[in-house]
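Every chain is numbered from 1 and lettered A, B, ... according to where its sequence line falls, protein lines coming before strand lines.
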Number of protein chains: 4
Amino acid sequence: MTDQTAFIPRKSPAQRRSRETVETILEAAARVLEAAGPAGFNTNAVAARAGVSVGSLYQYFPSKNALVAELSRRGAEAMLAALEAAMAEDGARTLEQDLRRIVRAAIGWQTARPQLERALDQMEERVGFDSAAHGVGLRVQTLIARLLAAHLPGAAPDQLNEAAADSLSLARTLIDRAVERGPIEARALEDRLVGMLIGYLGALPRP
Amino acid sequence: MTDQTAFIPRKSPAQRRSRETVETILEAAARVLEAAGPAGFNTNAVAARAGVSVGSLYQYFPSKNALVAELSRRGAEAMLAALEAAMAEDGARTLEQDLRRIVRAAIGWQTARPQLERALDQMEERVGFDSAAHGVGLRVQTLIARLLAAHLPGAAPDQLNEAAADSLSLARTLIDRAVERGPIEARALEDRLVGMLIGYLGALPRP
Amino acid sequence: MTDQTAFIPRKSPAQRRSRETVETILEAAARVLEAAGPAGFNTNAVAARAGVSVGSLYQYFPSKNALVAELSRRGAEAMLAALEAAMAEDGARTLEQDLRRIVRAAIGWQTARPQLERALDQMEERVGFDSAAHGVGLRVQTLIARLLAAHLPGAAPDQLNEAAADSLSLARTLIDRAVERGPIEARALEDRLVGMLIGYLGALPRP
Amino acid sequence: MTDQTAFIPRKSPAQRRSRETVETILEAAARVLEAAGPAGFNTNAVAARAGVSVGSLYQYFPSKNALVAELSRRGAEAMLAALEAAMAEDGARTLEQDLRRIVRAAIGWQTARPQLERALDQMEERVGFDSAAHGVGLRVQTLIARLLAAHLPGAAPDQLNEAAADSLSLARTLIDRAVERGPIEARALEDRLVGMLIGYLGALPRP
DNA sequence: GATGAATGAGGGTTCATTCAT
DNA sequence: TATGAATGAACCCTCATTCAT
């Protein structure tokens, strides 16, 4: 897979500076969210942490929610990338192998910055947009649905999408709980997740 | 078991009035939470909805959080009752039968007022007290742990408690998602939950 | 001086009960004030501490301020009694001897319940009535003024009253500060007070 | 002494605006305190009087108490300046001359805005921080203590500090009372204060 | 574009006082 | 008379968002 950014025309200095500011703000937002949780997450704190004025923050993000959304979108993008990478490896065969890939991607993603993802989970629910709201979350879901399709022959597209969404939610729940309890034993967690998902999928109504 | 309340002396008028007010406030709180979600849940709204002054609210609940906690406690109590009833039925044998009982209790509980329980989930996370904070949540967990113990011989108490907590979380997640999607098909949901839990528990490390 | 209460007709039981309730409330108020200071002094706390309903409290005291006023009045009454006793001893001669009597009475009064008197000082100032508001404070002041008159021949009545009021204020200030610092060395404090007052009075304009 | 402000670089517009707002708020706070006393002193009133929003007030003062503290700090600073100026005049010799200087500084300070200083006294007591809480009050006290040291040879540092604190309290009390009574006759008041302090200091235990 | 001062609605909580029982 | 539930005005403080410079 070629690096698409290589073909994007060089930004003008102003544009590059903009881009850097956006990144700075997002990273600051992430850190504030990690450190203070949803309750302590406010635009002033983010701007201060980013070393930028609130005004600038609002230049790039129309609202606080937009900031959260972008944070969450990026997380999903990382998940998407991991998932695509995992699926590109070779032809996967068994359900378990496929699930293992999904699960690994999810664990990798959520444990990279566990506090952040947990906090985002909570904020997303609060604000009322689930991760499928932005395209990326939807693409993740679709990818999983496609993956599941191979092992659930005859399932309707809606069913597959629901199964994919549920699987992801379940995985996130379990990972969140594990993260809460302390350092992760990735392998054991992976096994539990795979087992759980196999059980879940096995109980879906067959057409 | 005779009805003990029959022997409790009639409350004095004043006390009865208090009790009624408390109930009114709690019901109002539940409705506000259902209608407006965690974001729109504020003490003024609750008091207004209850047709009561804020002062009265604070006479019975020392803080907004205490109100949420009580709401959640009551929910957990309902769950506990359902669970105890289910377990008292007769001698349960298989893991699946036991899980089915747990799952039924959970579904019954969470679908009685689905919006409310969902909102409570979110508030609990936000405020940082999980349902185990009050005794009831803990008792639910303990009960489930005990139930699982019979089917996971040799598991350490800590493991059992974690398994119980995870099971409950997973169940709630799935039920929440189902509720979001619309009216529930209780039987199909139940099957999926049981399957999922069997899968999860089967993947736990054996001693 | 005859005991006037001896001639007050025996109270009916109801009246006695009333009187007791009043005393209970006042003592509770004093204790709350001592324990929580002006900031924590509120009618509900007083009623609770007295084991009485707020309603009852308002039966006997028309307002919170009335309660404080009565507390302060009683303190002043104690001071008055001490002062009268001191003056009745015999014919006082020198200024210093007279001042010593005043000062002793003041110390005795304010150190009997130091926290209480300090808190009252603060509340009185806040509420805006000085202790001369009720008759007793005035009588204390008048008594002191009369005492000073003997040593400030030719001073106008107004001057005497001002001197008396100032003397009392100064004494209270110094005693308060001493109380703040910890246990009192009554004798040393007394000396300082007397010295201070002599200095003060000596500097008054002579007619 | 040249005017140092002449050399301070012009503030940027934004900073100047801030500074002005701060001053506006402080002046409004002073006026509210003078007009309404401690009881009527609330942040909304201050903001309204300053023609500013509450938000602005809280941008510059983290709490209501911080506002009071700053007001009191500024008063103490004025007192400190007056005191230092008075002491720098020349080599003071007698106790009386030194006291006269202290007393003049105190009178000048407290009669500049008498209502304000009175109200501050009360609030400080209520809130529980005496003026020594901020450095300035302490420096005033230290300065007085040093001044007294020359006339109380052999006194321990603690004794000197107590004497300084007491002297200041006594002075403030007497000035407050004088202010209450109406327009001040500065010279007569000064004499009374000096006399009182000499009396007080003369009665301190000699080592 | 950038800044950060300013805004003000909103929300949690307290407490003196009233009044139906 | 006693009770204590109920009231609601007041108050402190926060924070998303705007806008003059």
message: Under 4.0 Å, heavy atoms only, any strand: does Asn42(C) hit a base, just the sugar-phosphate, or nothing?
response: sugar-phosphate
- prompt: With side chains defined as the heavy atoms from C-beta onward, is the minimum distance between Arg19(C) and Val22(C) less than 4.5 Å?
  reply: no
message: Return whichever of Asn44(A) or Phe41(B) has its heavy-atom-nearest nucleotide of DNA chain E closer to the 5' end.
response: Asn44(A)
Distance test, side-chain N/O of Ser63(A) to OP1/OP2 of dA16(F), below 4.0 Å: no
Name every donor-acceptor pair, under 3.5 Å, that has one atom in a side chain of residues 53-62 of chain B and the other anywhere in the protein, sequence neighbours excluded.
residue  : atom : partner  : partner atom : Å
Ser53(B) : OG   : Ser56(B) : N            : 3.3
Tyr60(B) : OH   : Ser18(B) : OG           : 3.1

field: Members of residues 51-61 of chain C that approach DNA chain E, where some heavy atom sits under 4.0 Å away
entry: Val54(C), Tyr58(C)
Distance, rounded to the nearest Å, where Glu20(C) contributes CD and dT1(F) contributes P: 15 Å
message: Nearest whole Å is fine: how far is dT1(F) C1' from Ile25(C) CD1?
response: 12 Å
- request: For the side chain of Thr43(B), starting at C-beta, report the closest nucleotide among dT13(E), dC12(F), dT17(F).
  value: dT13(E)
Set of residues satisfying side-chain contact (heavy atoms from CB on, under 4.5 Å) with respect to Ala50(A), sequence neighbours excluded: Thr24(A), Ile25(A), Ala28(A), Val52(A)
field: Sub-4.5 Å side-chain heavy-atom contact between Leu33(B) and Met123(B)
entry: yes
- request: Under the side-chain contact (heavy atoms from CB on, under 4.5 Å) rule, collect the residues that match up with Arg73(D), sequence neighbours excluded.
  value: Glu70(D), Glu77(D), His134(D), Val136(D)
query: Lys64(D) has an atom NZ; how far is it from atom P of dC11(F), in whole Å?
result: 8 Å
task: Would you work out how much the helix from dA2(E)-dT21(F) to dT21(E)-dA2(F) bends between its ends, with each end axis defined by five base pairs, to 10 degrees?
output: 10°
side-chain contact (heavy atoms from CB on, under 4.5 Å) partners for Arg31(A), two or more places apart: Glu27(A), Glu34(A), Arg49(A), Arg113(A)
message: So, taking the atom named CG in Leu26(A) and the one named OG1 in Thr21(A), what distance separates them when rounded to the nearest 0.5 Å?
response: 11.0 Å
query: From Gln122(B) CD over to Leu120(B) CG, what is the distance, rounded to the nearest 0.5 angstrom?
result: 9.5 Å
